[in-house]
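When a ligand or atom number is given, it counts from 1 through the structure's own listing order.
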Amino acid sequence: MNAKKNLSQKEQKVLVGKTVIDRLVERGFIKSGMKIGLGTGSTAIIAVERLASYIRDGKISGIKAVATSFQTHIACEENGIPVYTLNSKEIAGNLDLTVDGADEIDPANNLIKGGGAAHVQEKIVEYNTKRLVIIADESKLVAHLGTKFPLPVEIIPAARGPVIREMEKLGASCVLRTCAGKDGPVITDNGNQILDCTWPALADGSSPVNPAKMEDRVNKITGVVENGFFTKNRPLVFIAHSDGSVEER
Ligand code: 5RP
């Protein structure tokens, strides 16, 4: 075994971003002519670049991609991957396979996503794909969702106050997301704002939240566009470890 020890988080992202595309191509899960969804974030972009290298080398052709954010759309343009939307007649509303990153992954492969504020378009794409593949470094594995990495909730700006009140009734604390490089709130690719919501852990360290139920419950609040729990299309997950291995589960 030639595994390098103690890979950093960044090195793990590079390892899993490349390995996932190599393995999916090798197994025929990615092949010429397929309709592929492409996720957002530092790990997903490595997979986008790896896919592009297969296209450039002529090993795969005729890929039609759907991007989940401006970030990914630009990466596709820069790397020569043709981009469509789910509404294009070439895509006809569904995809063969989608590859994306995640912020937290529980033992049942439920996810929290939206650290890059892209979870609305990610969920639209990932709930309309036959096969969902999630890639991550090992820091993303958790026992329970909802108590450490906050649940991103995209909201219509005019509904901020009422949504915060409703989330508080569900036991959550909410923070309006801001970022470096802009004063005031983050504005998403869809022109909305993000509330980052956390629940206090129970005494045994577990979460008071059932992700599948809470995914539906939060979306019932008027003014919520979509939340970052992903529980309805169970993914195949590739995890890079610091010992240089890439686990699949
Ligand atoms: C963006 C996402 C990303 O996939 C998630 O934040 C992981 O990002 P990274 O690969 O940079 O750690 O959900 O909305």
Does Gly39 come within less than 4.0 angstrom of ligand 1, counting non-hydrogen atoms of the residue?
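Distance cut 4.0 Å: Gly39 fails for ligand 1.
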
If you measure from [atom] to every heavy atom of [options], which option wins on shortest distance?
{"atom": "atom 7 (C) of ligand 1", "options": "Ala102, Gly17, Ser139, Gly41", "answer": "Ala102"}
{"atom": "atom 12 (O) of ligand 1", "options": "Gln121, Glu104, Gln9, Lys140", "answer": "Lys140"}
{"atom": "atom 1 (C) of ligand 1", "options": "Lys123, Lys10, Lys13, Glu122", "answer": "Glu122"}

Grab the two heavy atoms, one from [X] and one from [Y], that are nearest each other, plus how far apart they are.
{"X": "Ile135", "Y": "Ala47", "value": "CD1-CB, 3.9 Å"}
{"X": "Tyr84", "Y": "Ser88", "value": "CB-OG, 3.4 Å"}
{"X": "Val237", "Y": "Ile105", "value": "CG1-CD1, 3.9 Å"}

Nearest non-hydrogen protein atom, [atom]:
{"atom": "atom 9 (P) of ligand 1", "result": "Ser42 OG, 3.4 Å"}
{"atom": "atom 10 (O) of ligand 1", "result": "Thr43 OG1, 2.5 Å"}
{"atom": "atom 3 (C) of ligand 1", "result": "Thr40 O, 3.2 Å"}
{"atom": "atom 6 (O) of ligand 1", "result": "Asp103 OD1, 2.6 Å"}

Both conditions, 6.0 Å and 45 degrees, for the charged tip of Lys232 above the ring of Tyr127: are they met here?
no

Honestly, is Arg131 close enough over Phe29, meaning NZ or CZ under 6.0 Å from the six-membered ring centre and within 45° of the axis?
yes

If I apply the N/O under 3.5 Å rule, does Gly114 come out as touching ligand 1?
yes

Less than 4.5 Å apart, side chain to side chain, heavy atoms only: is that true for Val133 and Val20?
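Yes, side chains in contact.
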
Just wondering, do Ile91 and Thr85 contact through their side chains at under 4.5 Å, heavy atoms?
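Answer no - side chains too far apart.
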
Check step by step if side chain to side chain donor-acceptor pair (under 3.5 Å) holds for Asn233 and Glu126.
CA-CA 7 Å; Asn233 188 1; Glu126 287 158 34; over 6 Å; no

Does only the side chain of Asp100 get under 4.0 Å from ligand 1, or the backbone, or both, or neither? Count heavy atoms.
side chain

Output the list of atoms in ligand 1 that are nearer than 4.0 Å to some heavy atom of [X], sorted by atom number.
{"X": "Lys113", "answer": "2 (C), 3 (C), 4 (O), 13 (O)"}
{"X": "Ala117", "answer": "14 (O)"}
{"X": "Gly101", "answer": "4 (O)"}
{"X": "Gly115", "answer": "6 (O), 13 (O), 14 (O)"}

Do the side-chain N and O atoms of Ser139 and Gln9 include a donor-acceptor pair separated by under 3.5 angstrom?
yes

